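For reference, the structure is listed below as structure tokens.
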Amino acid sequence: MISIHNLHKAFGSNEVLKGISLEVTQGEVLCIIGPSGSGKSTILRCINGLESYDRGEIRVGDHLVHRDSKEIIWIRTHVSMVFQRFNLFPHRTVLENVIEGPVYVKKEDRMKATDRGRELLKQVGLANKADTFPAQLSGGQMQRVAIARALAMQPMAILFDEPTSALDPELVGEVLSVMRNLAKQGMTMLVVTHEIAFAKEVADRVIFLDGGVIVEEGPPREVLVNPKHARTREFLKRVMHVPTPNSLSST
Amino acid sequence: MASFWRDAVEFAPLLIKGAGVTVMITIASLILSTLLGLFWALLRTSHIKVLSKISTTFVNIIRGIPILVQLFYIYFVLPDLGIQLSAFQAGAIGLGIAYSAYMSEVFRAGIEAIDIGQVEAAQSVGMNRRLIMSRVVLPQAFRIALPPYGNNLIMLLKDSSQTSAITVAELSLESKLIAASSFKNMTVFTLGAIGYLVMSLPLIFIVARLEKRFRRA
């Protein structure tokens, strides 16, 4: 469904992605892990055309992703994105946030969109917050609204860009549980995350990215439990907070 | 004091008429400066470098010439080029153009204050440039721009007195004319000043409230 071939991307002289190739199939949950600065988020941003890329090719279905082409609108209405910092529209209510895309981009009937919006809010456990403004919500609630907003587009796939990294620890669980349900329902998901336990439980496949290349990929029980590469092992040790002799100097 | 009141009653109709013209010219130039200022701001924040340059240049030229000179130019020079305007029209257009420069800065600051994440979220649901502006960026930018916009309005109200120099019969010109014919300078200009205060003080209070509300949000 989403296929990336030999993707290269540099910010100035800093080459962030050095030839990434990967496939996401329908209904798959793919988690991308790796140290910060490894280019994880950049991959997602390239898929959604928020970032241009220098070489290689990204396709969603038959559509070539290119930030400045007309097709990018098609891609964005079929592949939704959930951001680390939620990016809800502060001047609109929770429900308005959810139906903004369907009503103004897809030109759906407002009544129908509203009904589905309320349904989606119920699904993420926020039915009673429909008419409040984002500023009145907790981070976890905001991120759940953002997920409802993504779902409202009825996308083929959702890209999650570190969806729990900006949350207080006690709020992470409610967001992950919404994502877990989505995965169960068969949603195609591409998740950049530091939540190793979540990846272990929910992912069909895990990719470990470091220095702009895919170091290791496979089912979670291989990559996360029995990693082949030393770099993967090092990283996992660090994020699982297992102290290593050089853990201070290596960060 | 008794004579003050007698004179006040006598001069009131003319002064109120002048105040009416002040209000009219303020409203007309407010509308023009708002639309034109928004236009400059959109050009300025556009991704196309040439447009942004054009806007910057125009705004700098307008800001660099005194309002009075702009008014003279429109009222006295344009007729030589075959464009005949009434004093009121010239005043409204001149003030509108002069203030469009200040308005554009206010709008630009509002637009640039919007978090890039807002634009990305709008893009990610498939909005095009026009929708992103009209649904996401501008509604938020207007809110941010409202207090400084109100301040510009107060300045505009007072600067409308400059159109007296091109014979617009607004409050300050009416005051001057009455004073010149009646020699009651103290009475007339006091009334004139009060007239401006009656119009500007409510605006000042409203803007102060807006600023307070904005700071809390």
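Just the heavy atoms: all of them, side chains too, but no hydrogens, waters or symmetry mates, feed the values below. This one's a predicted model, so the numbers in the text were calculated from it and none came from an experiment. Just so it is clear: chains get the letters A, B, ... in the order the sequence lines come, proteins before strands, and each one is counted from 1.
Note: R76(A) leads E100(A), M153(A), R76(A), R85(A) in heavy-atom pairs under 4.5 Å with chain B. Of the residues considered (P90(A), A135(A), A146(A)), P90(A) shows the highest number of contacts with chain B, using heavy-atom pairs under 4.5 Å. Across V82(A), N48(A), L50(A), I75(A), the residue that shares the most heavy-atom pairs under 4.5 angstrom with chain B is L50(A).
Contact of L159(A) with chain B is not made at all, since no heavy-atom distance falls under 4.5 Å. Residue contact with chain B, scored on non-hydrogen atoms closer than 4.5 Å, involves the side chain of F83(A) exclusively. Only the backbone of V79(A) comes within contact range of chain B, with heavy atoms under 4.5 Å apart.
Residue E112(B) qualifies as enclosed at atom CD: its count of foreign heavy atoms under 6.0 Å is above 12. The local environment of CE in M156(A) is crowded, with over 12 non-hydrogen atoms from other residues, nucleotides or ligands closer than 6.0 Å. The number of heavy-atom neighbours closer than 6.0 Å to CZ of F39(B), taken from other residues, nucleotides and ligands shown, is 12 or below. More than 12 heavy atoms of other shown residues, nucleotides or ligands fall within 6.0 angstrom of atom CZ in F11(A). For OH of Y75(B), the number of neighbouring non-hydrogen atoms (other residues, nucleotides, ligands) closer than 6.0 Å is greater than 12. Remark: R110(A) CZ is loosely packed, at most 12 non-hydrogen atoms of other residues, nucleotides or ligands lying under 6.0 Å away. Counting heavy atoms of neighbouring residues, nucleotides and ligands inside a 6.0 Å radius, atom NE2 of H66(A) does not exceed 12 of them.
Every side chain to side chain contact (heavy atoms under 4.5 Å, CB included) that Q154(A) has, sequence neighbours left out, goes to K106(A), E108(A), R116(A). Partners of E71(A) under the side-chain hydrogen bond (donor to acceptor under 3.5 Å, both in side chains) rule, at least two apart in sequence or in another chain, are H63(A).
Of all residues spanning residues 76-101 of chain B, none has a heavy atom less than 4.5 Å away from chain A's heavy atoms. Among residues 119-153 of chain B, the residues having any heavy atom closer than 4.5 Å to a heavy atom of chain A are, in sequence order, E120(B), A121(B), A122(B), Q123(B), S124(B), V125(B), G126(B), M127(B), N128(B), L131(B), R135(B), V136(B), P139(B), Q140(B), R143(B).
Although no hydrogens or angles enter the test, the distance criterion places no donor-acceptor pair under 3.5 Å between the side chain of N87(A) and the main chain of Q118(B).
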